[in-house]
Amino acid sequence: MFNKKIVESLGKSSMIRAMFEEGARLRKLYGDDKVFDFSLGNPEVEPPVEVLDSLKKYVNSEEQGLHKYMNNAGFPDVRQKVADYLNKKSGIDMTSEHIVMVCGAAAGLNVTLKALLNPGEEVMVLAPFFVEYGTYIDHAGGNTVIVNTMKDSFQIDVDAVEKAITNKTKAIIINSPNNPTGVIYSRESLEQLNKVIEKKEAELGISIFVISDEPYVSLVYDGIEVPSTLSIFKKSISINSFSKSLALPGERIGYIAASSRIPDVETLISAMVTLNRTLGFVNAPSLFQKVIADNLEVAVNTENYKKKRDILYNHLTKIGFKCIKPDGAFYLFVKAPIEDDIAFCGTAAKYNLLLVPGSGFRGPGYVRIAYCADIGMIERSLEAFTKLAKEYGLS
Ligand code: PLP
């Protein structure tokens, strides 16, 4: 009776959601402070005070027209501020005409994919990856092509990407800092990727767009560089959101920046603006467009996240778990001591530890720990991790 494809997919229900429900069950049984929930990438911190002050200013503003329908791309002054900010970072030359304000990265990705894809065209994603990419690509009529990153380092396997490019390849989605690994793709690997893309475009007579999904771009530790994808890739589309950097996931605010170096970028932008409307988003929320324009240089305190990363990383590696030290985002991607990551998460749940199987991100054999959680909970969880390690003879 209903949409068959969607109803079938409900049966396979996301592993993150399953963990979330398990968390609710365990909390009821054992009490809140005895359950260690690392399942969700939902920032526990409040937005920075500058952001809240800005919001109050606009809520109290008597400016006329602030709450009306607008150009579906967003307020021109906000878009210009975003363009100026990105030009400063990337050294390219964009104007408000290259920016579309959207309801978070999820909307930005849907709008972008729908604007680019003809039926059956391929979009490459690098595993492990944010698994909703597959659904978005499917909604836009494309086919997902999964290419693994390098074993253990999770850096881009440029040779594997080259082999996977066909005359149907339309785009590649990259996400750095990465969910679920926390890895930042190196400048070297991005430059090599660019060379491969340009070589294959010439060889096959196609255009390949690089969609850079960047919600974690401000959550970086130890001064590590996140290379600007707008400066490296000619046909780059950068998608950003303030869900993580300003802890505003419920407010649904972000932007798409389509590089001024894309041939006929005006048509692409017009398609995106139309799709923003016809996919039902219409435009990004007005007040939050204004708020983020005042706060483009602001981010939540990353020292907090770094402290949490260090507590967990140091403890887990000390008790025998293997894990790459993440340079950004707020996830640890830990190697499961057995092949079956789903079974391992089941065992972890016995100690009230809620982890998400890597299989849910097409990264089997690993588990994701989202440490955007209360520091007290993180500290209380260490003993449970030690017991879990002992069960597998690690320490
Ligand atoms: N992309 C990645 C890699 C994410 O991790 C998320 C959310 O967790 C999103 C996109 C969606 O973010 P938004 O809240 O901006 O739609």
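All of these numbers come straight from a predicted model, not from anything done at the bench. Basis for what follows: all heavy atoms, side chains included, without hydrogens, waters or symmetry-related copies. Just follow the structure's listing: the first ligand is 1, and inside any ligand the first atom is 1.
With a 6.0 Å cutoff to the six-membered ring centre and a 45° limit on the axis angle, Lys387 does not count as a cation-pi contact of Tyr351. Within the cation-pi definition used here (under 6.0 Å to the ring centroid, within 45° of the axis), Lys290 qualifies as a partner of Phe75.
Identified under the ring-ring contact (aromatic ring centres under 6.0 Å, His included) test for residues 373-395, with sequence neighbours left out: Phe38-Phe385, Phe344-Tyr392.
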Anything under 3.5 Å between a donor and an acceptor, one on a side chain of residues 62-69, the other on a protein residue two or more places apart or in another chain? List them.
from, atom 1, to, atom 2, distance (Å)
Gln64, NE2, Glu62, O, 3.3

May I have the list of side-chain donor-acceptor pairs in residues 106-132 shorter than 3.5 Å, sequence neighbours left out?
from, atom 1, to, atom 2, distance (Å)
Asn110, ND2, Ala106, O, 2.9
Thr112, OG1, Gly108, O, 2.7
Asn118, ND2, Glu121, OE1, 3.4
Asn118, ND2, Glu121, OE2, 3.4
Glu121, OE1, Asn118, N, 2.8
Glu121, OE1, Lys170, NZ, 3.0
Glu122, OE1, Thr166, OG1, 2.8
Glu132, OE1, Tyr136, OH, 2.8

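Using the six-membered ring where Trp is involved, Tyr216 and Phe330 have ring planes that are perpendicular, over 60° apart on the 30 and 60° scheme.
Closer than 4.0 angstrom to ligand 1 by heavy atom are Gly104, Ala105, Ala106, Phe130, Tyr133, Asn175, Asn179, Asp213, Pro215, Tyr216, Ser241, Ser243, Lys244, Arg252, sorted by chain and number.
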